[in-house]
Enquirer: 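Could you have a look at this structure, given as structure tokens, before my questions?
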Amino acid sequence: RAKDMGKNAIAVFCEEQCLEFTRRYRMDQEIKAAIAGREFRLVYQPIADARTLRVRKVEALLRWERDGTVVAPPSVFIPVAESSNSIREITRLVVEMACAQHAAWRLEGLSLPVAVNISSRCLNSDETISHIAACLNAYDVPPEALEVEITETTLMQNYERGNAMLCTLRDLGVRVSLDDFGTGYSSLQYLARMPIHALKIDRTFVQELLDEGGSLEIVETILGLARSLRLATVAEGVETAAQLSALRGMGVDYLQGYCLARPLPADDILTLCRRGMRLVPGDVEG
Ligand code: C2E
Ligand code: MG
Ligand code: MG
Ligand code: MG
């Protein structure tokens, strides 16, 4: 504790904070330039029907690359963008790119729903909704072909506002999943009232599923909850064939993870689907 260590410690602490602030500020400036410089692109990770292992939809995940090398992973730049207004521009870009990609695939004969991640910072802006509606319209994307993923934690931070936005999305016909489910503290009362379609079981529970003293009971509880609320379930971060068959046995509806497919460029998704949509599970190496 800086306070217990005297004035020098306080000075050091402030210096660190100041450096952190400067680092974030610089990165945010870089993000703004990267949007203009088209350094962001989307990759798409297949989500499969648990019974047939056929690809049913994809999740769009953002990548930041300059001259073919990764500048920063989303776990680093998304929080920075969220601390400023850049997240608004990023979200606009993601929605637009996802709609454009859906339309491009459809021209190739592939009709594949796309899920996009929307940050809490964009939840309380009507502009987000009107932009989604405008993109669906501009690219002639049926609303049920777009899905929105919102993390449980961020939704709970501003429930009233968030829920209002979810209702508008539902009225548009867009589906909503609660992402990283199980890590937040949704009250059951709220959950029952929310206009959502699916729960995405957080990766940490999937990874510890088969460990001794692991998350088997937690996952079973989430599945029971989903069943009684008539929500679909998606398990994310499935890495091994053992996890995959356990989750299938437990009745999870959809599976997503490196065991089935990594996030892929749009062209690879097309190739994969032309080969018949069915994924072949294989354990992740290393
Ligand atoms: P998320 O929405 O929960 O996305 C799933 C993350 O898990 C992705 O990481 C994905 O690559 C990774 N993943 C999938 N399968 C496996 C697996 O089997 N094992 C492991 N270890 N990881 C797996 P990614 O792409 O690095 O994204 C991380 C987070 O960044 C996302 O978590 C999401 O919260 C955020 N993010 C990504 N793209 C966007 C975006 O366009 N907008 C917003 N607001 N957030 C985004
Ligand atoms: Mg997600
Ligand atoms: Mg997730
Ligand atoms: Mg996650």
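The shown structure was predicted, so the numbers you read here are calculated from the model rather than taken from an experiment. Note that ligands are numbered from 1 as they come in the structure, with each ligand's atoms numbered from 1 the same way. Computed from heavy atoms alone, side chains included, the values below leave out hydrogens, waters and symmetry copies.
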Enquirer: Is it the side chain (CB and beyond), the backbone, both or neither of Met97 that lies under 4.0 Å from ligand 1, heavy atoms counted?
Expert: neither
Enquirer: For atom 28 (C) of ligand 1, which candidate among Ala98, Pro74, Gly257 provides the closest heavy atom?
Expert: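 Checking each option, the heavy atom nearest atom 28 (C) of ligand 1 is found in Pro74.
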Enquirer: With heavy-atom distances below 4.0 Å as the criterion, list the atoms of ligand 1 near Asp180.
Expert: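 Per the distance check, 3 (O).
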Enquirer: Tell me which part of Ile78 gets within contact of ligand 1: side chain, backbone, both or neither, using heavy atoms under 4.0 Å.
Expert: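 Side chain only.
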Enquirer: Identify whether the distance between the nearest side-chain nitrogen and carboxylate oxygen of Lys200 and Glu149 falls below 4.0 Å.
Expert: yes
Enquirer: At under 4.0 Å between heavy atoms, which part of Asp179 makes contact with ligand 1: side chain, backbone, both or neither?
Expert: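 The part of Asp179 near ligand 1 is the side chain, not the backbone.
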Enquirer: Salt bridge check: are Arg24 and Glu20 linked by an N-O gap of less than 4.0 Å?
Expert: yes
Enquirer: Check for me whether Glu82 has a heavy atom closer than 4.0 Å to any atom of ligand 1.
Expert: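 Heavy atoms of Glu82 never come under 4.0 Å of ligand 1.
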Enquirer: Is the shortest distance from a heavy atom of Pro73 to ligand 1 less than 4.0 Å?
Expert: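 Pro73: no contact with ligand 1 (<4.0 Å).
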Enquirer: Considering Gln45, Gln207, Gln256, which one's heavy-atom position lies nearest to atom 15 (N) of ligand 1?
Expert: Gln45
Enquirer: Restricting to N, O or S atoms, which atom of Asp179 is closest to the Mg ion (ligand 2)?
Expert: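 Closest N, O or S atom of Asp179 to the Mg ion (ligand 2): OD2.
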Enquirer: Do Lys32 and Glu89 sit within salt-bridge range, that is, some charged N less than 4.0 Å from a carboxylate O?
Expert: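 Glu89 and Lys32: not salt-bridged.
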Enquirer: As an exercise, identify every atom of ligand 1 less than 4.0 angstrom from a heavy atom of Pro263.
Expert: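 By the 4.0 Å cutoff, the relevant atoms are 11 (O).
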Enquirer: Does any part of the side chain of Met194, heavy atoms only, come nearer than 4.5 Å to the side chain of Tyr159, both counted from C-beta?
Expert: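 The answer is yes, as the side chains (C-beta and beyond) meet within the 4.5 Å cut-off.
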Enquirer: Check whether any heavy atom of Glu59 sits under 4.0 Å from an atom of ligand 1.
Expert: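 Yes; Glu59 lies near enough to ligand 1 that a heavy-atom distance drops under 4.0 Å.
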Enquirer: Measure from NZ or CZ of Arg262 to the centre of the six-membered ring of Tyr258, then state whether that distance is under 6.0 Å and the direction lies within 45° of the axis.
Expert: yes
Enquirer: Answer yes or no: is there an ion pair linking Asp179 with Arg203, defined by an N-O contact shorter than 4.0 Å?
Expert: no
Enquirer: For ligand 1, which part of Arg262 has a heavy atom less than 4.0 Å away: the side chain, the backbone, both, or neither?
Expert: neither
Enquirer: For ligand 1, does Thr151 get within less than 4.0 Å through its side chain, its backbone, both, or neither, judged by non-hydrogen atoms?
Expert: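 It is neither part, as no heavy atom is under 4.0 Å.
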